[in-house]
K.L.:
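Submitted below is the structure of interest, expressed as structure tokens.
Letters A, B, ... mirror the listed sequences (proteins, then strands); counts begin at 1.
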Amino acid sequence: MTIDLTQFHDAFFEESFEALDSMETALLKLDIGAPEPELINTIFRVAHSIKGGSATFGFSDIASFTHSLETLLDELRSGAMQVTLAISDLLLKSVDVMRAMLRSTQAKQPLDIQKVSDLQFDLELAIAQKNPAPPQPVATVPAVAPGASFSGSNAGAFSTVTPNTDAASAAVHVESTVAANGADTPAATSTSDSQPTAACGWEIIFRPYRELFARGNDPLRMMRELAELGELSVQVDTSALPRFADLESQSCYLAWNIRLKGAIREEAIRQVFEWAEGDCDLELRPMGAPATLAAVEAGTPGAPSSGASAAQATQSAPAVAKSVSTADAVAADATLSGRSTGPEEPRHEAATPAGTATQQATPVLTAVKETRPETPVTAIGDSGSIRVSVEKIDELMNTVGELVITQAMLSQLGNALEGPNAEKLRAGLAQLERNTRELQESVMRVRMLPISFVFSRFPRMVRDIAQRLGKQIELKLTGEQTELDKTVLEKIGDPLVHLVRNSIDHGIELPEVRTAAGKPAAGTVHLDACHRGGNIAVEVSDDGGGLDKERILAKARSRGLIGPNDVLTDDQVHELIFLPGFSTAEKTTDLSGRGVGMDVVRRNVKELGGKIELRSEPGRGSRFIITLPLTLAIVDGQSVAVGSETYIIPLISIVESMRLKETAISRLSGHNEVFSFRGDYLPIIRLHELFGVEPRARALHEGLVVIAEGDGRRVGLFVDDLLGQQQVVIKSLEANYGHVEGVSGATILGDGSVALILDVTGVIHAASLRAAA
Amino acid sequence: MNKRKPGAATRATRRGRSARSMLGAGTEHKTPSDSFAVAAECTVADAGLLKIHLAKLLDASAIVTLDISAVQRIDTAGLQVIAAFVRERESRGRQVQWRGQAPALSNAARLLGLSQVLRLAAIGAQAVETAP
């Protein structure tokens, strides 16, 4: 009977894609000439695990390709080859090819074999032509005054002016020595000063989740690999093992406390557990580091207090395990090396006497496990996380939305109640409201992802474009940890790509031009994200030439977008570039200038309920600021009354609200009304007319005007009254009814009535159609 | 203080037993004398079947002999089933003894720290050995 491996394919693909992303990131960080050993190790590990996985699953094409890649990386790692620009390009291309191969394998579509074999040939050629490392590339080292003292442990040993390079290559050579001696596992070969190495060994707490076996992992294999790293003693915890009848044969019930002796790098151990990442809790502690254990001990009744740490107590458990009945479920095993002591002998000098330990050791073990959640868990990567399908979260979100509405209804009802119990009821309702809000926020947070998911694609893109255009670009990313809703995140990618491309293509000048203008030859493109109020602001700025106002005007005139004598403010000029079909690029490149640019960007941003602003200074650069809502499920709105109806206007589109004086209103020919607002004349849109509602106020000075902005235009929306600001849960109108111009969705109010959420741009559009008719 | 057993994770999902209707499909055979020959392959894929076979011996009043001489490959899942069986037998005061040698099994047990649970301490020394 063979196991059906196809059930693991999805996990393999998903993990491989993630791994490739991290490989790409590492490649981009790689310094030509003096690469950081740890980065090469990261890259190597990715290649290695993809090779292993694809070989396991029988994807021989991928395995063969990654094998070549791995060979090349091994040469780099051992210092036999230098990281040059060409090599770095080759590696980046390999990432692309691997991604393509994985995708086509996943989709069960044919591979572009020619492309793969071409690149594989290039890889092998590079390996064959490997040159010994050239002399120290002095030029890449920052100028340091000779004789300057260096802080750091190894700096003092070098008296040349290139200490960094020396140190780096020294580290590389050390590695190769280790590689030669080490075991076959890549783990054993990766050594670097930056990684912690426990001098005497490690304590590993390995608690697989039930599904570990089902994900194709076998602890036995891991133990075997650990045993290759050092002297291993294993203690199994069978406490979770159910009655035989209840045992599910494919679930893992066992957990292990492992002691691994020897000077072993943490990385090497982590690598053993690499494939189990996400399927287990893993805790690594250097031996003789009782920091976390001391806390455990303090809270443990009956723990040995005479200086014997909990670690030692754990240690003493093997000594007594024989007398502990099997029902106690902690069984010990002999140390695997030849010079192991017998189980009866105390292994630790400070171990408690065997007699008392019977009572003590087991409780201590229990305590260690029970306090685990509080102790810092250094698990692999983001262990402790689970993958959940988006539909499940959406469903949850929807239910919470309903709950919010129900809660609002109850609150309204409770407030109207009188009687002895009404106060109690209201207190309860207040609590319900708080809890509901917290629940809603928690569910929303589940959907939130850091914007680094989008930002991470830019280093590669910027590098490629800059290379192609012969420009020097420095990409600066800040605020990558800013979180926003997954849906927003997915849709903001393309607009950002567009803006960044534009910045590089149109914004940043060629190096010669920049130096002539007294600017550094390398231009900077800055991507920044931050929370601003209830919104996210994402900014793309560059220190290039800024918008060329004259050229834009000339172009607009030639296209007949503006009259020949129109005088435009800066803002109005900026607006022009958001018009469809507008491009000032002198030649159309494949990057930008095809006229499908900024209008699409603006439309996409608007679809997300956000807005885009542009600031530009000639010669200094330009900034695009995108403001987005945190989520698409909830909107901060101002509820307004029109007759008996309530409408919600998203706060993001409101400039301000005011009562109009009659003197401020002017009537134009036909039916149109405008009012003066800070030196501008804005048209008035009577919402009651637009939606055919009988209003309470018809005279403009009797009601209120909400000044709202949409599509770069400002209008006054005439309403009867303002009701209040609130967060509302958006219900799709399209899904439940159909599209209505000027309405972006609906929500259910506390009293159970439905309120429409206005789409200001749509309202302006609908109103102008009416006016034209 | 929470009395819940430390490892008794709430994650445990009850997806139903993995019992398959494949009784007798393996190479295992059950002799009348309450002994059982463990198959050559004893991995996660075979663990379900192994469990079904062993379940029938759980209540046997006589000493159960597990013949492991055929075992070629075993993984954690396979060993877990055997360990659970041995433990449960012992908790009922019944014994399990081993027949034959299986380096794969004893190595795996040693690496996983299960020798003690399986009472395998001195396995391999004799052809037949009684559990303590």
K.L.:
Has Q80(B) got a side-chain atom pairing as donor or acceptor with S249(A)'s backbone, closer than 3.5 angstrom?
P.N.:
no
K.L.:
Taking side chain as C-beta onward, heavy atoms only, is V81(B) less than 4.5 Å from L247(A)?
P.N.:
yes
K.L.:
Can you name the closest pair of heavy atoms from L112(B) and V236(A) and give their distance?
P.N.:
O-CB, 3.5 Å
K.L.:
Is R94(B) atom CZ crowded by more than 12 heavy atoms from other residues, nucleotides or ligands, each under 6.0 Å away?
P.N.:
yes
K.L.:
Does a side-chain heavy-atom distance below 4.5 Å link L111(B) with L226(A)?
P.N.:
no
K.L.:
Do you know which of M222(A), R221(A), M223(A) has the most heavy-atom pairs under 4.5 Å to chain B?
P.N.:
M223(A)
K.L.:
Within the side chain of E88(B), is there an N or O that forms a donor-acceptor pair under 3.5 Å with the backbone of F244(A)?
P.N.:
yes
K.L.:
When you measure from the side chain of R87(B) to the backbone of T238(A), do you find a donor-acceptor pair of N or O atoms at a distance under 3.5 Å?
P.N.:
yes
K.L.:
Distance check, rounded to the nearest 0.5 Å: L254(A) atom CG versus L79(B) atom CG?
P.N.:
8.5 Å
K.L.:
Determine whether a donor-acceptor pair (N or O, by modelled atom type, separation under 3.5 Å) exists between the side chain of T76(B) and the backbone of D218(A).
P.N.:
no
K.L.:
I'd like to know if the side chain of K51(B) and the backbone of E248(A) have a donor-acceptor N/O pair within less than 3.5 Å.
P.N.:
no
K.L.:
Could you check whether any side-chain N or O of Q250(A) sits under 3.5 Å from a backbone N or O of V44(B), counting only pairs where one atom can act as donor and the other as acceptor?
P.N.:
yes
